[in-house]
*Asks:* 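Right, I'll just put the structure down here and ask away after.
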Amino acid sequence: MKEFTNIDDILDFAIAREQDAVDFYNRLAGNARNNDMKKTFEQFAQEEMGHKARLVKIKEEGVVSLPNEKVADLKVADYVVLESEREDMNYEQALVLAMKREKAAFKLYMALSDRVDKAEYKELFKQLAQEESRHKLRFELEYDEYVLREN
């Protein structure tokens with residue numbers, strides 16, 4: 001992981017990763033083969049944009065509190081692999097890639113929480129990790145509903 005010298009470096013890094021996620025979901029939406037799939041990916045792009053906006057606001061104004069809740073983990077992302085994004089991905093492949101990206105975002109935020117000293121920032125990154133975990137769960141449920149049950 002990149003070396004950070006201060007909280008602004010960490011926030012800049014996290015903001016850039018959220019923008020990557022926005023771009024990723026917008027690309028998936030643009031390549032979607034049906035309206036339901038397109039709407040799902042557009043919704044996730046919006047949520048990631050919200051994460052980015054929250055991080056920008058925190059950078060500018062300081063830490064804000066987020067709600068805390070436990071999120072289930074179906075562990076589906078632990079058992080499926082897709083190497084990289086492709087334009088010709090089918091719905092199953094797109095869901096798998098989305099799960100993996102959300103899992104990576106979760107791990108990133110947990111690692112960032114370990115790298116900061118202030119309790120407020122530790123809590124912020126843990127809560128952002130929780131939100132990414134919630135996203136992964138939504139993709140896992142979608143995968144379970146539309147891929148595993150059809151096979």
Side-chain angles (χ1 to χ4, degrees), residues 1-4 7-59 64 66-116 121-151:
M1 186 183 295
K2 179 182 174 179
E3 287 300 316
F4 303 107
I7 191 64
D8 282 342
D9 288 350
I10 292 172
L11 290 170
D12 288 341
F13 182 78
I15 289 165
R17 296 300 67 79
E18 291 296 343
Q19 184 60 53
D20 290 345
V22 169
D23 297 342
F24 168 70
Y25 288 122
N26 281 330
R27 280 192 307 275
L28 289 181
N31 294 329
R33 293 191 172 96
N34 65 57
N35 280 339
D36 287 340
M37 187 174 163
K38 180 178 177 131
K39 286 178 187 175
T40 297
F41 291 128
E42 286 173 343
Q43 178 184 4
F44 274 90
Q46 286 298 106
E47 288 186 27
E48 300 296 353
M49 195 64 190
H51 293 172
K52 179 184 172 186
R54 181 178 302 149
L55 288 167
V56 168
K57 182 175 181 179
I58 288 166
K59 183 177 177 186
V64 296
L66 301 169
N68 192 14
E69 66 181 77
K70 187 166 177 67
V71 177
D73 185 355
L74 299 182
K75 305 270 187 211
V76 174
D78 294 344
Y79 301 103
V80 290
V81 177
L82 184 65
E83 293 180 8
S84 62
E85 180 182 357
R86 299 184 329 265
E87 281 193 34
D88 66 339
M89 287 189 300
N90 64 26
Y91 190 51
E92 176 182 356
Q93 293 166 328
L95 287 173
V96 170
L97 183 56
M99 283 186 278
K100 292 291 188 183
R101 288 182 65 103
E102 294 299 335
K103 184 176 181 176
F106 168 82
K107 287 181 176 182
L108 167 67
Y109 284 127
M110 290 305 293
L112 290 175
S113 76
D114 290 338
R115 289 182 173 244
V116 294
Y121 288 113
K122 282 186 178 298
E123 185 62 23
L124 166 70
F125 288 123
K126 285 179 181 176
Q127 290 173 352
L128 288 169
Q130 182 181 70
E131 287 187 29
E132 300 300 347
S133 180
R134 190 177 308 111
H135 288 177
K136 183 174 78 80
L137 174 62
R138 285 175 55 195
F139 282 121
E140 288 177 331
L141 292 170
E142 179 78 2
Y143 187 91
D144 181 56
E145 181 71 25
Y146 291 100
V147 176
L148 295 180
R149 292 189 187 183
E150 288 181 7
N151 293 330

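Below, all heavy atoms of this structure are taken into account, side chains as well, without hydrogens, waters or symmetry copies.
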*Asks:* Checking Ala98 now: which residues fulfil side chain to side chain contact (heavy atoms under 4.5 Å, CB included) with it, not counting sequence neighbours?
*Replies:* Phe24, Tyr25, Phe139
*Asks:* Start with the C-alpha distance between Lys59 and Val56, add both sets of side-chain angles, then the distance that settles side chain to side chain contact (heavy atoms under 4.5 Å, CB included), and finish with yes or no.
*Replies:* CA-CA 5 Å; Lys59 183 177 177 186; Val56 168; 5.6 Å; no
*Asks:* Could you pull out all residues at least two apart from Lys39 that satisfy salt bridge (Lys or Arg N to Asp or Glu O under 4.0 Å)?
*Replies:* none
*Asks:* Applying side-chain hydrogen bond (donor to acceptor under 3.5 Å, both in side chains), name anything that partners Glu42, two or more places apart in sequence or on another chain.
*Replies:*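 Per chain and number, Glu42 pairs via side-chain hydrogen bond (donor to acceptor under 3.5 Å, both in side chains) with no residue.
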*Asks:* Looking only at side-chain N and O atoms, does Gln127 offer a donor or acceptor that is under 3.5 Å from a partner on Glu131?
*Replies:*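 The criterion, which ignores hydrogens and geometry beyond distance, is not satisfied for Gln127 and Glu131.
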*Asks:* Hey, is Glu48 close enough to Lys52 for a salt bridge, meaning N to O under 4.0 Å?
*Replies:*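 Salt bridge between Glu48 and Lys52, a charged N being under 4.0 Å from a carboxylate O: no.
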*Asks:* Would a 4.5 Å heavy-atom cut-off, applied to side chains only, mark Glu92 and Leu95 as touching?
*Replies:* no
*Asks:* List in chain and number order the residues that pass side chain to side chain contact (heavy atoms under 4.5 Å, CB included) with Gln43, two or more places apart in sequence or in another chain; answer none if no residue qualifies.
*Replies:*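 By the side chain to side chain contact (heavy atoms under 4.5 Å, CB included) rule, Gln43 matches Glu47, Arg138.
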*Asks:* Could you walk me through whether Val96 and Tyr143 pass the side chain to side chain contact (heavy atoms under 4.5 Å, CB included) check?
*Replies:* CA-CA 8 Å; Val96 170; Tyr143 187 91; 3.5 Å; yes
*Asks:* Taking atom CG as the centre, does Asn35 end up with more than 12 heavy-atom neighbours from other residues, nucleotides or ligands that are less than 6.0 angstrom away?
*Replies:* no
*Asks:* Between atom OG1 of Thr40 and atom NZ of Lys38, what is the distance when rounded to the nearest 0.5 Å?
*Replies:*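 Thr40 atom OG1 to Lys38 atom NZ measures 12.0 Å (nearest 0.5 Å).
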*Asks:* Check side chain to side chain contact (heavy atoms under 4.5 Å, CB included) between Lys122 and all other residues, then give those that pass, not counting sequence neighbours.
*Replies:*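 Partners of Lys122 under the side chain to side chain contact (heavy atoms under 4.5 Å, CB included) test: Val116.
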*Asks:* So, do Glu132 and Tyr109 sit near enough that their side-chain heavy atoms are less than 4.5 Å apart?
*Replies:* yes
*Asks:* Which residues pass the salt bridge (Lys or Arg N to Asp or Glu O under 4.0 Å) test with Glu142, sequence neighbours left out?
*Replies:* none
*Asks:* With sequence neighbours left out, what residues match Asn90 under side-chain hydrogen bond (donor to acceptor under 3.5 Å, both in side chains)?
*Replies:*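 Partners of Asn90 under the side-chain hydrogen bond (donor to acceptor under 3.5 Å, both in side chains) test: none.
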*Asks:* Just verifying a value: how many Å separate Arg134 CZ and Phe106 CZ, rounded to the nearest 0.5 Å?
*Replies:* 12.0 Å
*Asks:* Are the side chains of Ile58 and Arg54 in touch, meaning some heavy atoms are under 4.5 Å apart?
*Replies:* yes
*Asks:* Looking at side-chain heavy atoms only, is the closest gap between Leu128 and Leu55 below 4.5 Å?
*Replies:*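 Yes, their side chains come closer than 4.5 Å.
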*Asks:* Would you compute the distance between atom CG of Leu97 and atom CG of Leu28 and round it to the nearest 0.5 angstrom?
*Replies:*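 Atom-to-atom, Leu97:CG and Leu28:CG are 6.5 Å apart.
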*Asks:* In chain order, what residues pass the salt bridge (Lys or Arg N to Asp or Glu O under 4.0 Å) check against Asp23, with sequence neighbours excluded?
*Replies:* none
*Asks:* Distance check, rounded to the nearest 0.5 Å: Phe41 atom CZ versus Asn26 atom CG?
*Replies:* 11.5 Å
*Asks:* Tell me, please, which residues at least two apart from Arg17 pass side-chain hydrogen bond (donor to acceptor under 3.5 Å, both in side chains).
*Replies:* Asp20
*Asks:* Any idea which heavy atoms bring Ala45 and Val22 closest together, and the distance?
*Replies:* O-CG2, 3.6 Å
*Asks:* Determine the minimum heavy-atom distance between Ala129 and Met110, stating which atoms define it.
*Replies:* CB-SD, 3.6 Å
*Asks:* Got a second to check how far Asp9's CG is from Arg115's CZ, nearest 0.5 Å?
*Replies:* 11.5 Å
*Asks:* Check the pair Leu108 / Phe13 against side chain to side chain contact (heavy atoms under 4.5 Å, CB included), numbers first and verdict last.
*Replies:* CA-CA 10 Å; Leu108 167 67; Phe13 182 78; 3.3 Å; yes
*Asks:* Quick one: side-chain hydrogen bond (donor to acceptor under 3.5 Å, both in side chains) partners of Asp36, sequence neighbours excluded?
*Replies:* none
*Asks:* State, to 0.1 Å, how close Ala14 and Phe125 come at their nearest heavy-atom pair, and which atoms those are.
*Replies:*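 Heavy atoms only, the tightest pair is CB-CE2, 4.4 Å.
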